[in-house]
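First comes the structure, then the notes that go with it.
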Amino acid sequence: MAWKTVDRVSQPASDSPGLSEPLKDKIRGFFDRYPTKRAALIPALHMIQDDHGYIGWRAMDEVAELLEITASDVFDTVSFYSHFWTHPRGKKVVMVCRSISCDLLGADDVLSECKRVMGIDEHETSADGSYSLMTEECLATCDHGPCMVVNEKLHKCVSPSQVEKILNDADNDVLDVPRSDLYDGAERNQG
Amino acid sequence: MNEYEPILLRNVGKPNVRQLDAYRATGGYEGAVRALAHTPDEVIDVVKRANLRGRGGAGFPAGVKWSFLPKERDITYLCVNADESEPPTFSNRVLMEEDPHQLLEGILIAGYATQATVAYLYMRAEFAEQFHIMQKALDEAYHAGYFGKNILNSGYDLECYIHRGAGAYVCGEETGLIESLEGKRGWPRIKPPFPAIQGAFGKPTVVNNVETLANLPHIIQRGADWFMGIGPEGSSGPKLFCISGAVNKPGCYEWSMDITVRDLIEDDRFGGGMRDGLKVKAVMPGGISMGILTADELDMKMDFSDPANYGLLGLGTSSAIVIDEHTDIRKVLRNVARFYAHESCGQCTQCREGTSWMYKIANRVERGLGRAEDIELLGQIPSKMGMMPGLSICGLSDGATFAIRTIVEKFRSELEGYVGSVDDEVVRIALEIAN
């Protein structure tokens, strides 16, 4: 197997969105929390992903400049964490827990039903861009397995027969608790 | 079993307890007020005398950990480990969801005792709802003067920030957490230097688990002797136990550490017995990393010392997954092996390769393509990869080791029945096609 490296020729940075001024301001707002600017990277990446849906090459270049680190430092971090996407994802991301408790309680069937309803496989995005499907390690809700998450919203004790209803519900990602906008991007509240 | 009055979960189900006023009405923040009236050394002394052992898994005494900080220091960081990602553990989630101010009060007390300047609450990214709950509670606590400058006119300053992770099990290891906090990959560091000397941003740092800190307000208010009086010697204080799997009442329960695994499964105050009258086949009682028990080993006590008598790594997170008689042990083996293969950070060769190797073997055993020597191999690999033989930077590989090795040792005859039935050549061709 050969090493796969980033192909910057076929994926020009200019094709992906850069950081808006309000977003840069929001990231700068994290600077006084940490003694180094680099420490604001993970919060910044969350905010970028909230605005853009993913973290593209141009955003990585620009956040590197903002935090006074190299673009490779940024990619080093981005590539380590499973929640960061380097390519566009669906409007909603569905994550089905696959760890031991959920697995023994039937997570496989929930996942299969998700695949059937969405018409996609794991790590894929539906043709209309509405959903991406993932599996996730333990969501720390083992007492309510099997569970799945739609964006931020956790659905507990999911049976395969409920999957279609959950996915067709427009409000399936709305939380029951008041949200904090601290880690949101700059665009979320602009409509 | 004695009666037990809940301490950590005492506010569960009370109305509006996520709000500051309701929390204060239950005596909330009185422990912090009392702590601030003493010197930091006095607070450390009480916690040391109480022998509060870390609830995150390793069981190291919190007060002793604090006293490793150098005497002369200008900046100290407190990191709160809320990266709870050990399957099947969810007690930190319950603590943050149900009683966020209890944790914040614990952070304030620990911050004061260690003279921390900044506390970072590191929460795993999957905790979305819990992040919003904690952030709202933190905003309220700031507003009421429990964080910030000159807290309650004591002259002590403490900033507290929530730092969200981005999906990596290894960030629950304290130096992995620190690296992640600094904006890097969550790669654990070689120790020494330990975080108390050189931790976050190169400064003295204390990393404590959520449940450990939630105990502090009560220790300060009720004293070390009260704490020592709960549960057996060496395992004192309130403890949260999680139970999930094939039981009637999966959930998070609080008790002293004098219950057995059997109590946790069968007692009506906990798991409430097996679902549908099923029999127990196996239990992983401390999170999967501690190892597995057979149905004959349910008398193990859920304290800090007894698990070693059953070949387990330790008490861990005291969270049990109960596996019923109809579950194929190969499914358990494969799931557990996959977890570590996915979550190994890749720094240490033997962990990166070993976990993936074990997953490949477990995978083919589950598919009925196991070779006769595979079980022997699965027993051998774990002996050559952990921190215990001194090879790995962090304990992740030890967790993988204990999980896989105990499954193979304790369910060997069952596993052996599944392998070697297919001709080696057929296996080779089948695997070639499958891969």
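The chains referred to below are lettered A, B, ... by the order of the sequence lines, with proteins before strands, and numbering in each begins at 1.
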I'd like to know if the side chain of A/Tyr183 and the backbone of B/Arg164 have a donor-acceptor N/O pair within less than 3.5 Å. yes
Would you name the heavy atoms of B/Glu86 and A/Cys138 that are closest together and state the gap between them? O-SG, 4.4 Å
Check whether any side-chain heavy atom of B/Arg185 sits under 4.5 Å from a side-chain heavy atom of A/Ser79, and report yes or no. yes
Please name the pair of heavy atoms, one in A/Phe80 and one in B/Gly186, separated by the smallest distance, quoted to 0.1 Å. CE2-N, 3.1 Å
Do you know which of A/Thr141, A/Asp73, A/Val78 has the most heavy-atom pairs with chain B at a distance under 4.5 angstrom? A/Thr141
CD/A/Glu152 to NE2/B/His132 distance, rounded to the nearest 0.5 angstrom? 3.5 Å
Mark yes when over 12 heavy atoms from residues, nucleotides or ligands other than A/His87 sit less than 6.0 Å from its NE2; otherwise mark no. yes
Side chain, backbone, both or neither: which part of B/Glu343 has an atom under 4.5 Å from a heavy atom of chain A? side chain
For B/Thr89, which atoms come within 4.5 Å of any heavy atom of chain A: side chain, backbone, both, or neither? backbone
For B/Ile75, is it the side chain, the backbone, both, or neither that has a heavy atom closer than 4.5 Å to a heavy atom of chain A? neither
Given A/Leu67, A/Leu175, A/Asp76, the one with more heavy-atom pairs under 4.5 angstrom with chain B than any other is A/Asp76
Residues of residues 33-53 of chain A within contact distance of chain B, non-hydrogen under 4.5 Å: A/Arg33, A/Tyr34, A/Pro35, A/Thr36, A/Arg38, A/Ala39, A/Leu41, A/Ile42, A/Pro43, A/His46
Tightest non-hydrogen contact, residues A/Ser180 and B/Gln135, listed as OG-CG, 3.2 Å
Quick check on B/Phe131 against chain A: is it the side chain, the backbone, both or neither that has a heavy atom closer than 4.5 Å? side chain
Would you mind telling me which of B/Lys331, B/Glu159, B/Glu84 has the largest number of heavy-atom pairs within less than 4.5 Å of chain A? B/Lys331
Counting heavy-atom pairs under 4.5 angstrom with chain A, the leader among B/Lys249, B/Glu129, B/Gln130 is B/Glu129
Highest number of heavy-atom pairs under 4.5 Å with chain A among B/Ile323, B/Ile162, B/Asp324 belongs to B/Ile162
Between A/Ser101 (side chain) and B/Gly245 (backbone), is there a donor-acceptor pair under 3.5 Å? no
Between B/Ser319 and chain A, with a heavy-atom cut-off of 4.5 Å, which part of the residue counts as in contact: side chain, backbone, both or neither? neither
Which atoms form the tightest heavy-atom contact between B/Cys171 and A/Tyr81, and what is the distance? SG-CE2, 3.8 Å
Less than 4.0 Å between a side-chain N and a carboxylate O, is that true for A/Glu137 and B/Arg338? yes
With chain A as the partner, which of B/Ser180, B/Ser91, B/Cys242, B/Gly346 has the greatest number of non-hydrogen pairs under 4.5 Å? B/Ser180
Correct closest heavy-atom pair for A/Ala140 and B/Phe127 would be CB-CE2, 3.8 Å
Which atom pair, heavy atoms only, marks the closest approach of A/Ile100 to B/Asn335? N-OD1, 3.4 Å
Is it the case that more than 12 heavy atoms not belonging to A/Glu65 sit under 6.0 Å from its CD atom? no
CD1 (A/Ile69) and NZ (B/Lys184) are apart, to the nearest 0.5 Å, by 10.5 Å
So if I take each residue of residues 103-116 of chain A and look for any heavy atom under 4.5 Å from a heavy atom in chain B, which residues do I end up with? A/Asp103, A/Leu104, A/Leu105, A/Asp108
Return the CZ to CG distance between B/Phe90 and A/Leu139, rounded to the nearest 0.5 Å. 12.5 Å
With respect to chain A, which residue among B/Val336, B/Val332, B/Ile288 yields the maximal number of heavy-atom pairs within a distance under 4.5 Å? B/Val332
Rounded to the nearest 0.5 Å, what's the gap from SG on A/Cys147 to CD on B/Glu126? Could you check? 11.5 Å
Value rounded to 0.5 Å, distance of OG1 in A/Thr77 from CD in B/Glu182: 11.0 Å
I'd like to know if A/Asp143 pairs up with B/Arg93 as an ion pair, taking the criterion as any Lys NZ or Arg NE/NH1/NH2 lying under 4.0 Å from an Asp or Glu carboxylate oxygen. yes
Given that the side chain runs from C-beta out, which part of A/Val177 has a heavy atom under 4.5 Å from chain B: side chain, backbone, both or neither? side chain
Taking every heavy-atom pair that is under 4.5 Å apart, which of B/Lys203, B/His163, B/His342, B/Met284 has the most such pairs with chain A? B/His163
Approximate separation, where rounding is to 0.5 Å, of A/Phe30 CZ and B/Tyr161 OH: 10.5 Å
